[in-house]
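A, B, ... follow the sequence lines: proteins, then strands. Residue 1 opens every chain.
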Amino acid sequence: MLSMPSLTQTTLVLPVLPKANPTTTTTLLTALSSSTTIAHLKQVHAQILRSKLDRSNSLLLKLVLASCVISPSLDYALSVFTHVSNPDALLSNKFLREFSTRAGASAEKTLLVYEKMRKDGVGVDRFSFPAILKAASKASALAEGMEIHGLALKLGFCTDPFVDTGLVRMYASCGGVMEARLVFDKMSRRDIVAWSIMIDGYCQSGLFDKVFVLYEEMKYSDIKPDRMILSTILSACGRAGNLTYGKAIHDFIIDNNIAVDSRLQSSLVAMYASCGSMDLAKKMFGMMSSKNLVVSTAMISGYSKLGQLQDARLTFDQMAEKDVVAWSAMISAYAESDWPQEALRLFNEMQQLGVSPDYVTMLSVISACAHLGALDKANWIHIYVNRNGFGGTLSVNNALIDMYAKCGSLGRAREVFEKMPRKNVISWTSMINACAMHGDAVNALSFFNKMKERNVQPNGVTFVGLLYACSHAGLVDEGKKLFASMIDEYNIAPKHEHYGCMVDLFGRANLLREALEVVETMPMAPNVVIWGSLMAACRNYGESQLGEFAAKRLLEMEPDHDGALVVLSNIYAKERRWDDVGKVRNLMENSGIFKERGFSRIELNDEVHEFFMADKRHKQTDEIYENLSRVVNELKLVGYAPNTCSVLVDLEEEEKKEVVLWHSEKLALSLGLLISKSKVSCIRIVKNLRICEDCHTFMKLSSKVYEREILVRDRTRFHHFKDGLCSCKDFW
DNA sequence: CTAGGGTTAG
């Protein structure tokens, strides 16, 4: 080890080497200690330049490599490298490799190194390509990747399996699995790594069928699967939810005595967890001697998918260390289970512990804000996104559109959309959906037209948004045309959700015969949603016979479907079939139909208030109820009469009236009117269930009497109440 | 002689 006086950043002297020579400098550069700093290297650099040793490129390159070793940021190394004329291949490749394998170094910088090598016209040989292609893959740089492909062809390296494998990987990562496959098929010799990368490419593109086909093909061509490729296949099984294939792989591992290391074990647990087979996952997880980050995170997301939040949280709390992925998984679990406040709380806790979020974390946090529906929080997270450099990320912007729409601000959603530097189908679909949610069918259709003009291909989800918009706006002909063009023009096979929209489209327009025809002619068996749509239409138009039929089909599939039970009991009551009413009531009591408790949230002065029905937990409870009865009396003057149709419990009429008056959205409105006095500000309420008819009327009248705009988000859509009218035109 | 592949969050 070179004895260097303890240099600090402030005493930049190099006393031992007044005159540098190649040998001593080399010694110096190869004898790095943990205390060597960039400052030391800068001195050596100066020595080299002063002693005119810089014509010896190898010395400078050694300096470059030395700085790679000691500094996580490769900026200094890069700056020295760019000043080396005609770097030689061996050291350049080492440098490239250093760059491409370094986690912190951005792939774009590796490509800069490559460009420099190209410009100097030397230094590129077949050993350079794997690293360069890896960088192009990481950066998803298709244009550069293709140029590199061209160069490899020109230099005659395209018979080198390492180069070919790199090309397969590059195309696969840039979204060109087809091109990857072309390169793969032309390879004369395919080893297990080549197969592995090709299979992983299909996995990344979500083409799981191809994954399994190719894997079988590989086994057929006498290549024995190893642990790594088995991991890849298991991951595909997990993501495709193919438990059968996953189990078969597990059996293969056992039958062939393949040693299961901790990584393969993690893959097995992750596969079972992703397939929702938590019992098997848990069993294997329990057997692991040391539970690493990855496998614990897989367990968290497995539990979360099944809605088992307590188990997810328990696993999370038991983790000795947590990285950003684990935090993100837990935050996402809360966000997706409609527990947004806990998701946001966890996000704060994570930051306090010094863990920086990445863009996936942001997606979950944005989704949490969307669930919460609080516009102030939404604005806050948007600022956070911009300040922390996520503003340019496509998926983040897509999530922001959805968030603003769900927080009631179509305008802000549109602003995000307009400002986006790049847009994809999801961006357009999110915007169409945003309009649909707000009952703005005209703009939904106009976004669709603009999307077509820009040659963006719509997908099945796009049409769900469009059909939803049409059905809620009563645009029957337009909806029919869109449905036809989806099939004929865009070759998209309609799924359940599309047929559901069509049933809704006709049902809402009182075209019940057509609605029934859709149900009868659709090529797959109708599901709960389809029968539910038909039933709702029948209820709205008093079509009891068909309504009863639909409700019964629904109950065959979901015996405790609360909506169906209510409709049936109302139909029977109307027809005075008291025996049947009694039967349904019994069913309702036994099935515990109130599985989801209704609640409403309102955000006032940056504080979120939450109410259940007849809730008395709020600190201003007395004022809220006092104000509510005042409001009720004032509304009665303009014709309000409590409507108890939606009350399911068996109560006396007078009691039912009280129950209706204490619905959570009315409590929220009462507080809103108490606290927010300014007539220009809109009162925003978020409800987890559908708004009932009585509350809907109540909101309409309040908007007129108090000259306030009221925005209520219910389970599926927005209601803008203004001047006594609602944007949903009383169809919901 | 210096080169390529695996598990987790959406």
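Here the C1' atom of nucleotide dA9(B) and the OH atom of Y334(A) are 15 Å apart, to the nearest Å. Separating the CG atom of L400(A) from the P atom of dG10(B) is a distance of 18 Å, rounded to the nearest angstrom. Protein atom CD of E336(A) is 13 Å distant from nucleotide atom P of dA9(B), rounded to whole Å. The distance between atom OH of Y303(A) and atom C1' of dT8(B), rounded to the nearest whole Å, is 15 Å.
Side-chain polar atoms of S367(A) and E336(A) form a donor-acceptor pair below 3.5 angstrom. One side chain, N292(A) or S266(A), offers a donor N or O that lies under 3.5 Å from an acceptor on the other.
Applying the salt bridge (charged side-chain N to carboxylate O under 4.0 Å, His left out) test to pairs two or more places apart or on separate chains, those with a residue in residues 254-266 of chain A are R227(A)-D261(A).
Every residue two or more places apart in sequence or in another chain was checked for a side-chain hydrogen bond (donor to acceptor under 3.5 Å, both in side chains) with S364(A), and none qualifies. With sequence neighbours left out, the side-chain hydrogen bond (donor to acceptor under 3.5 Å, both in side chains) criterion links R239(A) to no other residue. By the ring pair (Phe, Tyr, Trp, His ring centres under 6.0 Å) test, Y215(A) pairs with no residue at all, sequence neighbours left out.
Ring pair F347(A)/W327(A): centre-to-centre distance not below 6.0 Å.
Phosphate contact (OP1/OP2 of dT8(B), side-chain N/O of S301(A), threshold under 4.0 Å): absent.
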Classify every nucleotide of nucleotides 1-7 of chain B by which part a protein heavy atom approaches to under 4.0 Å, writing B for the base, S for the sugar-phosphate alone and - for neither, in 5'-to-3' order.
-> -BBBBBB

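Residues of residues 380-388 of chain A that place a heavy atom closer than 4.0 Å to DNA chain B do not occur.
For the pair K219(A) and F252(A), the cation-pi test (distance below 6.0 Å, angle within 45°) is passed.
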